[in-house]
Amino acid sequence: MRKPIIAGNWKLNKTISQAVDLVTELQALVADVSEVEIVVAPVFTALSAVAAALKENRIGLSAQDLYWEKSGAFTGEVSAELLRDAGCSYVIIGHSERRQYFGENNEMVNKKVRSALDAHLAPIICVGEHLAERQAGKTESVIEDHVMGAIEGLSANQLLTSVIAYEPVWAIGTGQVATPDQAQEVHAHIRRLLAGKYSKEVANQIQIQYGGSVKPANATDLLSQVDVDGALVGGASLEAESFAGIIAAARRN
Ligand code: 13P
């Protein structure tokens, strides 16, 4: 049985004190939740303060990106080791916003994934097609390209330390959520790809999240799909109550 994983990607939002307030409120709402893996991903500057505010290890801390070099003359970058030092155990990698606005490609995503794993951080690897690609019938090939590119060279154990997040770009921040069937179809495709590269057992163990306009109202239907193991949540993770509502939906599944 795969444990559901609900992660909040706060993107470029919240000051340090707002971030601490949000996790403090959230912790009270999820105090009795143990059957769902809960993760929050604040901005870099708030990581240490949020780490200090997190009690009892009920909520895991994630960064939103990293750089693959360990240290050196790389102005502005943050390494996997430094994220661990700040209290992270996860890092989001290859989000479509990074691919779109910051030119990230599969090769960079793969380097980031490997550096995360080397530092014992669990990468949350984002993959997803644009609307035009879906309309052109290219969803499966785009997903294959993203998934295979990101996991190039990973052992089965490394893969199983990772989480994959299917985030169709057209569903991110648009309110236009994928239907449960659309999500299920792509998640099953990802599992088939992993079964081909590794084994059926490995493919059946990895957690695959859906992301894109997930809200408390649509979470139950999405999470009830057999291959949907959780959600990567943007907007609805910025308030404790709506994020807790999605966690509650994951619990009921
Ligand atoms: P929204 O939930 O705001 O659509 O964002 C999804 C996302 O990009 C999470 O990484």
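Read the numbers this way: they start at 1 and go in the same order the structure lists the ligands and their atoms. The first residue in the sequence is number 1, and the count goes up from there.
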Item to complete: Answer with yes or no whether the side chains of His95 and Glu167 bring together a donor and an acceptor at under 3.5 Å.
Response: yes
Practice prompt. Check whether any side-chain heavy atom of Leu232 lies under 4.5 Å from a side-chain heavy atom of Ile92, and answer yes or no.
Written response: yes
Worksheet entry | Short side-chain to backbone donor-acceptor contact, Lys3 and Gln207, under 3.5 Å | no
Worksheet item: ligand 1 and Gly235, any nitrogen or oxygen pair closer than 3.5 angstrom?
Response: yes
Response to the item:
Counting heavy atoms under 4.0 Å, the part of Ile172 that contacts ligand 1 is both
Worksheet item: Side chain, backbone, both or neither: which part of Cys126 comes within less than 4.0 Å of ligand 1 when only heavy atoms are counted?
Response: neither
Worksheet item: Taking Asp65 as the fixed residue, which of Lys112, Arg99, Lys11 is the one that meets the salt bridge (Lys or Arg N to Asp or Glu O under 4.0 Å) rule?
Response: Lys112
Discussion item. Would you say that Ile190 contacts Val127 through its side chain, given a criterion of any heavy-atom pair below 4.5 Å between the two side chains?
Written reply: yes
Worksheet item: For the residue pair Tyr210 and His187, does the interplanar ring angle fall in the parallel (under 30°), tilted (30 to 60°) or perpendicular (over 60°) class?
Response: tilted
Item to complete: Show which atoms of ligand 1 fall inside a sub-4.0 Å distance from at least one heavy-atom site of Ala171.
Response: 4 (O)
Fill in: Option passing side chain to side chain contact (heavy atoms under 4.5 Å, CB included) with Trp170 (candidates Glu129, Glu133, Gln135)
Glu129
Item to complete: Look at atom 10 (O) of ligand 1 and find which of Gln64, Glu97, Glu167, Lys215 reaches it with the closest heavy atom.
Response: Glu167
Worksheet item: Below 4.0 Å from any atom of ligand 1, is there a heavy atom belonging to Gly211?
Response: no
Worksheet item: Relative to the heavy atoms of Gly212, which atoms of ligand 1 are at a distance of less than 4.0 Å?
Response: 4 (O), 6 (C)
Discussion item. Regarding ligand 1, does Ala236 bring an N or O atom to under 3.5 Å of one of the ligand's N or O atoms?
Written reply: no
Worksheet item: What residue and heavy atom of the protein are closest to atom 2 (O) of ligand 1, and at what distance?
Response: Gly234 N, 2.9 Å
